[in-house]
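When a ligand or atom number is given, it counts from 1 through the structure's own listing order.
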Amino acid sequence: MDVAAFRRCVGKCYVSPAFRDFESLRFQRLSLSSSLSPDPTGNRGLKFPGQSHERRLSFFRPIMATGESISSRSSDPAGETKQIINGKQKNIVWHDCSITKSDRQELINQKGCVIWITGLSGSGKSSLACALSRALHNRGKLSYVLDGDNVRHGLNSDLSFKAEDRAENIRRVGEVAKLFADAGIICIASLISPYRRERAACRALLPEGDFIEVFMDVPLHVCEARDPKGLYKRARAGKIKGFTGVDDPYEPPLNCEVCICFSAHIQLLFQSHT
Ligand SMILES: Nc1ncnc2c1ncn2[C@@H]1O[C@H](COP(=O)(O)OS(=O)(=O)O)[C@@H](OP(=O)(O)O)[C@H]1O
Ligand SMILES: Nc1ncnc2c1ncn2[C@@H]1O[C@H](COP(=O)(O)OP(=O)(O)O)[C@@H](O)[C@H]1O
């Protein structure tokens, strides 16, 4: 999905010039990586002509530890499986699969990516995520919405709203979104994600150009006036502690790809259509 298609889906919005610049590079790179040489049997990625043994061995990729970081290499001259240290993990070895991301993308004729929607509670993240997913669906593109509220019902039900839990919430959603993108799916993550550092870490998980950060630039007083769940009211009454925008911080993006700016006119249009 390119930024022009995104704009068609969501209507009028501001697009950061930085994004336009690397978009063209990204598509140049894409056309190179997608020029796979066809397999005469038609089974892309399954046949290993001539070098089946070597090719198979290369799937088993030992991973080396360097302090806290991880690096991997395609062959291990000693033929040994190395231990890795990834945070608390030990003795973990990466296993490659012969079916790759490009195979999957080719199969479903689309490019996996992450569209990360950030903004205050009530700024319209979930509405935009669902409208975008619907618009993509109508165009025959497979997408999946990871909504903060929903993910907190299951995968992240153990997390609270204190800073370290929010950070962990964002980290997990970032990792899951990366898996969806790797599957070839357009993953739309919509969560407050109030911290720049954690959003940047999610961006760093993906190849350049595959993480599209969308900022719902809606003033606090507008979000508060909407208050569809009555949460701002409860936060102002002191019944919810650490509510984003009230007594917890929100760090707006400095250089996002897309910024959806609040407009009273669009708000009226929205209200007359819902
Ligand atoms: N203290 C506090 N602060 C902010 N939001 C709160 C809080 N408590 C509950 N909620 C509800 O949880 C939704 C936000 O969850 P997120 O996972 O998106 O938050 S975060 O990214 O971890 O900050 C958020 O959903 P949205 O309104 O859709 O943003 C709220 O409904
Ligand atoms: N562009 C918009 N203009 C006016 N109201 C909107 C707009 N987008 C969403 N809303 C309304 O604002 C409220 C919050 O939207 P929602 O998508 O749930 O936000 P968030 O997921 O950021 O909390 C809802 O009542 C929704 O109908």
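- Contact atoms of ligand 2 toward Leu120: 22 (O) (distance under 4.0 Å to a heavy atom of the residue).
- Within the structure, ligand 2 lacks Gly119 among the residues with a heavy atom less than 4.0 angstrom away.
- At the top of the distance list for atom 16 (P) of ligand 1, counting protein heavy atoms only, stands Arg152 NE, 3.6 Å.
- Within ligand 1, counting atoms from 1 as listed, the ones closer than 4.0 Å to a heavy atom of Ser121 are 26 (P), 27 (O), 29 (O).
- Here the side chain of Arg171 pairs no donor or acceptor atom with the backbone of Glu198 at under 3.5 angstrom.
- Looking at Ile192 next to ligand 1, an N or O pair under 3.5 Å apart turns up.
- Exactly one of Ile212, Leu206, Ile170 qualifies for a side-chain contact (heavy atoms from CB on, under 4.5 Å) with Trp116. That residue is Ile170.
- Within the structure, the closest approach of Ile192 to ligand 2 does not fall below 4.0 Å when heavy atoms are considered.
- Protein heavy atom in closest approach to atom 30 (C) of ligand 1: Leu231 CD1, 3.4 Å.
- Of the candidates Arg166, Lys162, Lys125, the one placing a heavy atom closest to atom 3 (N) of ligand 1 is Arg166.
- Ion pairing of Arg166 with Asp248 is present here, as a side-chain N (NZ or NE/NH1/NH2) and a carboxylate O approach within less than 4.0 Å.
- With a 4.0 Å cut-off on non-hydrogen atoms, Arg226 touches ligand 2 through its side chain and not its backbone.
- When only non-hydrogen protein atoms are considered, atom 21 (O) of ligand 1 lies nearest to Ser193 N, 2.8 Å.
- Numbered from 1 in the order shown, with element, the atoms of ligand 1 that lie under 4.0 Å from a heavy atom of Leu191 read 18 (O), 21 (O).
- Linking Ile, Leu, Val, Met, Phe, Trp and Tyr whenever their side-chain heavy atoms come within less than 4.5 Å puts Val114 and Val151 in one cluster.
- The Pro228 neighbourhood of ligand 2 comprises atoms 13 (C), 14 (C), 25 (O), with distances under 4.0 Å to a heavy atom of that residue.
- The proximity of Phe243 to ligand 1, defined as any non-hydrogen pair under 4.0 Å, involves the side chain as well as the backbone.
- His137 has its side chain out of reach of Lys141: every pair of non-hydrogen atoms, C-beta onward, lies at least 4.5 Å apart.
- Using a 4.5 Å heavy-atom threshold, the side chains of Cys113 and Phe211 count as separate.
- Counting heavy atoms from C-beta on, the side chains of Asn169 and Val173 come closer than 4.5 Å.
- One option in Ser121, Gly122, Cys223, Ser190 has a heavy atom closer to atom 14 (C) of ligand 2 than any other, and that option is Gly122.
- Glu224 has a carboxylate O that lies under 4.0 Å from a charged side-chain N of Arg236, or vice versa, which qualifies the two as a salt bridge.
- By the 4.5 Å heavy-atom criterion applied to side chains, Cys256 and Val214 are not counted as neighbours.
- Counting heavy atoms closer than 4.0 Å to ligand 1, residue Leu120 contributes nothing at all.
- Both the backbone and the side chain of Ser123 come within contact range of ligand 2, each with a heavy atom under 4.0 Å.
- Annotation: cation-pi geometry not satisfied between Arg199 and Phe215 (NZ/CZ under 6.0 angstrom from ring centroid, within 45° of ring axis).
- Which parts of ligand 1 touch Lys229 is read off a 4.0 Å heavy-atom cut-off, strictly below it: atoms 25 (O), 26 (P), 27 (O), 28 (O), 31 (O).
- Of the charged side-chain nitrogens involved, at least one lies within less than 4.0 Å of a carboxylate oxygen, so that Asp210 and Lys111 count as a salt-bridged pair.
- At least one heavy atom of Thr244 sits closer than 4.0 Å to an atom of ligand 1.
- Listed by number with element, the atoms of ligand 1 under 4.0 Å from a non-hydrogen atom of Pro194 are 21 (O), 23 (O).
- Of the polar atoms of Gly242, at least one N or O is found under 3.5 Å from an N or O of ligand 1, judged by distance alone.
- For the pair Arg203 and Glu257, the minimum side-chain heavy-atom distance is below 4.5 Å.
- The protein heavy atom nearest to atom 20 (S) of ligand 1 is Asn169 ND2, 3.6 Å.
- In this structure, atom 13 (C) of ligand 1 lies nearest to the protein heavy atom Asp149 OD1, 3.3 Å.
- Looking only at atom types and distance, the side chain of Thr244 has no donor-acceptor partner in the side chain of Ser121 under 3.5 Å away.
- Nearest protein heavy-atom neighbour of atom 6 (C) of ligand 1: Phe161 CE2, 3.4 Å.
- Remark: ligand 2 and Ser127 share an N or O pair separated by less than 3.5 Å (distance only, no angle test).
- Between the side chain of Lys125 and the backbone N or O of Leu191 there is no donor-acceptor pair closer than 3.5 Å.
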